[in-house]
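Below is one structure, written out as structure tokens; the observations come after it.
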Amino acid sequence: MFLFFLYEEVLLSLLSSNGQPASFACLLFSSLSAGCLTTLLLFLIPSKKFVFASRILLLSLIPVLYLAEFMCKTFFGTFYEIGYMIRMTGSVAGQFSGEALGVLAGNWYIIPVAYFPLIFFLLFHRLSPKFLTEFREKHPAVFERNPFSRSSLLPALLLGAVLFHGLTNFSCQTLSHDTYGVQFSANRAIPRFGLLTSVRLETRYALLGQPDAAETLTNLALPAAAIPETQAETQPAESIPETQDAPASKNPAQKPETEKTSEAETAETEAEAAQIDYGYNRLDIDFETLVAGETDETLQTMHHFFASLTPTRQNEYTGRFAGKNLIMLTAEAFSPYVIDPELTPTLYRLSREGFVFNHYYQPAWFQSTTGGEFACMTGLIPTWVNGQLSFTASAADAMPFALGNQFAALGYRTLAYHNSDYTYYNRDRTHPNLGYEYHGIGNGLDIPVGDWPYSDLDMMKATVPDYLKTYREDGTPFHVYYMTVSGHCNYSWEYNAMSRKNRDAVSHLNYSETVKAYLACNLELEYALTYLVEELEKAGALDDTVIVLSADHYPYALTQNSPVDYYNELSGKQDSEDYISRYENTLILWCGDMEEPVEVNTPCSSLDIVPTLSNLFGLPYDSRLLAGTDLLAPHSDPTVPSFHMPLVIFPDGGFGTGWSTIAGTYEAKTQTFIPNEGYAVGNDFVSSVSAIAEAKYLNSRLIIAEDYYRVAVP
């Protein structure tokens, strides 16, 4: 049994490690502990036939867990907790059975490899008794002097299970103490410790809760400039200097200049700007009173932590869109390479004529669509909370900074739509909690349902006339959220209805069928946006409506089930999922009344959408309580780490947490920092920014786990 567990652990690690297998010490000790424990349990069974059947059952069922994790890693790019996979089985089987079967078909050879121990046992198990009988007959004295009776083996096995469990604890905590405790998730634990340890921790934390985070939060090695920020925050935001990889752009905290100005005019403008005393984006939260009245150590620590932060400054863009409508879309598997001036003119227009974010990323988050949605809709990092996705766990929490709740409080009509099963990912619980009247298929969204995936254009045609009618009749402003689905995999003419529908439009392109099918299904999003813009213009609402679009994740299905990385073909780059460049994307933030584009050249991600929009619409929020930051706010010296510096955080998939700032990029895969040209940083810059990233991660989980907004926000 020890060899069986070790075989499965090593196999999973080698197949899914991307060149960095799990710690062999962790795999060895956990396999020894599991081997002792299962052998002990088998020894306790008196019937030899029942022992044989039990052994067959173990050798049959346990590989299923390893295969399931391998399939999740292969298709979704992440390991999932076992409990979550079980809860999602029905939904996946019902709606994504084709994709699941495709993964199995593309990796069929792994199945007999995973079941090799069972096959070996069935073929050769009879040799063992025969060999022992012959050995006993030839060497009877050995058995007469054998000190290992059944009664002595049982405590020995129990002692071995306990001893090796202790060695597993020691080796795992030495390797990564936080991942073993407060920052546990299957996707962080399995690449480091193996599946056995991950399942054990998942079970333990599901029953008892994760360890108290107060000590970890207190002991994070944050730089002095981060808590509190000591740098002056009245200077304009920095922009990346001109390099080959990062072309210079206009200052993100200023409107771009359209013509040269004299030195006198420039001095006069700067003097006027210096006289404006912008306030802070914060609420009147009395942290001292909260601390004094709190007995929970974790909540006390969080109060102290947030109180010590300096909020972001308001700026010349604060309230720029106040009173306007907002339409926000999270686009399924969107990428910047969909955008083309001829093929997708509406997407091209919206991405070039509004705020132009030159260094926008959509990190993987390792939670597929729901993780991307959570980041876009809340400004918090998607994590796992006691075995649940943080989005699902948030359904019972107060979420005052969610845009649906913010706009509903202002009297807006707030609607959310998804052109697929309305219960998938528990959206029927999460989206109403964010302040939306939510409709999907099966819950009020009436669109044609044929072959998968369904049409984004049909969703727009079924919903836009309703809220525009109300807007025209009584002037009720609206905030509408869409989660699209037309861009969903698989990408082929046979298995994707939207690809088939738009096949002729991409037939002339010089790509493989897979890439052309991907572009074809995304044309449905282009047609949906074209219809939306046209209807807004007809209703006279175009100049009073802001349109925002971000991806939920990059199209990772282009890299799966094939030796060819089709995303490299699409992008023209040579990278992989282990590198930051893979997650470059496009954020659209556009309004019909913008006379000229505003370029933002600071690195940013989906976490920054909520705080940036909150500032632009003049919404009351507290910037200290979000993981993202207002991208238009002034900030301090980018070589000095601060908690609200522009920071793109990439989730830990086994290598550590990568990130990107104005000053440079840290690649977790290679554990190297690549400075941007013109920036020199101190020796502790990497460790300080990494600590800030970990603090944002931990606080994002604790805000949901502790229902912190309900406690702290007035």
Side-chain angles (χ1 to χ4, degrees), residues 1-35 38 58-82 85 100 102-121 164 167-168 171-172 174-176 179-180 184-202 364 366 556 559-565 575-579 582 651-656 658 667-671:
M1 293 305 297
F2 151 62
L3 291 175
F4 165 61
F5 283 118
L6 185 62
Y7 174 86
E8 298 292 341
E9 289 280 0
V10 171
L11 179 64
L12 178 63
S13 181
L14 292 177
L15 289 174
S16 54
S17 64
N18 294 332
Q20 185 170 321
S23 164
F24 185 73
C26 295
L27 301 186
L28 177 67
F29 293 135
S30 62
S31 298
L32 280 166
S33 181
T38 52
L58 288 171
L59 295 178
S60 301
L61 294 181
I62 290 174
V64 173
L65 300 179
Y66 287 88
L67 286 169
E69 289 292 2
F70 170 74
M71 295 302 177
C72 287
K73 182 65 174 177
T74 300
F75 186 69
F76 295 111
T78 184
F79 293 112
Y80 283 131
E81 297 186 13
I82 300 299
M85 285 197 293
V103 175
L104 286 172
N107 298 278
W108 64 268
Y109 57 90
I110 301 300
I111 298 175
V113 175
Y115 277 100
F116 172 76
L118 174 63
I119 297 169
F120 183 87
F121 178 73
F164 293 124
L167 289 172
T168 303
S171 56
C172 292
T174 301
L175 182 66
S176 182
T179 299
Y180 199 77
F184 167 78
S185 71
N187 195 59
R188 291 175 67 134
I190 293 175
R192 290 177 168 90
F193 312 144
L195 180 58
L196 282 173
T197 299
S198 179
V199 171
R200 178 172 57 80
L201 292 175
E202 176 188 344
F366 299 128
Y556 53 70
T559 73
Q560 311 301 336
N561 306 324
S562 171
V564 178
D565 188 330
D575 59 15
S576 75
E577 293 181 329
D578 295 335
Y579 292 93
R582 174 58 62 100
D652 182 350
F655 304 114
E667 289 280 7
K669 166 77 172 180
T670 58
Q671 297 186 357

Run the side-chain contact (heavy atoms from CB on, under 4.5 Å) test on Phe79 and Arg188 for me, step by step, so that the C-alpha distance in whole Å, both residues' side-chain angles and the decisive distance to 0.1 Å come before the verdict. CA-CA 8 Å; Phe79 293 112; Arg188 291 175 67 134; over 6 Å; no
Atom of Ala34, atom of Leu196 and distance for their closest heavy-atom approach: CB-CD1, 3.9 Å
Which pair of heavy atoms, one from Ile119 and one from Pro112, lies closest together, and at what distance? CD1-O, 4.1 Å
Which value, rounded to the nearest 0.5 Å, describes the distance between [X] atom [atom1] and [Y] atom [atom2]?
| X | Y | atom1 | atom2 | value |
| --- | --- | --- | --- | --- |
| Arg582 | Ser576 | CZ | OG | 6.5 Å |
| Phe120 | Leu3 | CZ | CG | 10.0 Å |
| Tyr579 | Lys669 | OH | NZ | 5.5 Å |
| Leu65 | Phe70 | CG | CZ | 15.0 Å |
| Leu195 | Ile82 | CG | CD1 | 5.5 Å |
| Glu81 | Leu201 | CD | CG | 9.5 Å |

With sequence neighbours excluded, tell me which residues meet ring pair (Phe, Tyr, Trp, His ring centres under 6.0 Å) with Phe121. Phe52, His125
List the steps and the verdict of side-chain contact (heavy atoms from CB on, under 4.5 Å) for Phe4 and Thr38. CA-CA 11 Å; Phe4 165 61; Thr38 52; over 6 Å; no
Kindly say whether [Y] contributes a backbone atom to a donor-acceptor pair with the side chain of [X] at under 3.5 angstrom?
| X | Y | result |
| --- | --- | --- |
| Glu202 | Ala186 | no |
| Glu667 | Gly658 | no |
| Thr168 | Phe164 | yes |

Set out, in order, the CA-CA distance, both residues' side-chain angles and the distance that settles side-chain contact (heavy atoms from CB on, under 4.5 Å) for Leu59 and Phe116, then state yes or no. CA-CA 9 Å; Leu59 295 178; Phe116 172 76; over 6 Å; no
Using side-chain contact (heavy atoms from CB on, under 4.5 Å), reason through Phe193 and Ser176 one step at a time and then give a plain yes or no. CA-CA 9 Å; Phe193 312 144; Ser176 182; 4.2 Å; yes
Suppose we screen for side chain to side chain donor-acceptor pair (under 3.5 Å). Which residues come up paired with Arg200, at least two apart in sequence or across chains? Asn169, Tyr180
Exactly one candidate in Cys72, Ser13, Ser198 meets side-chain contact (heavy atoms from CB on, under 4.5 Å) with Ile190; the answer is Ser198
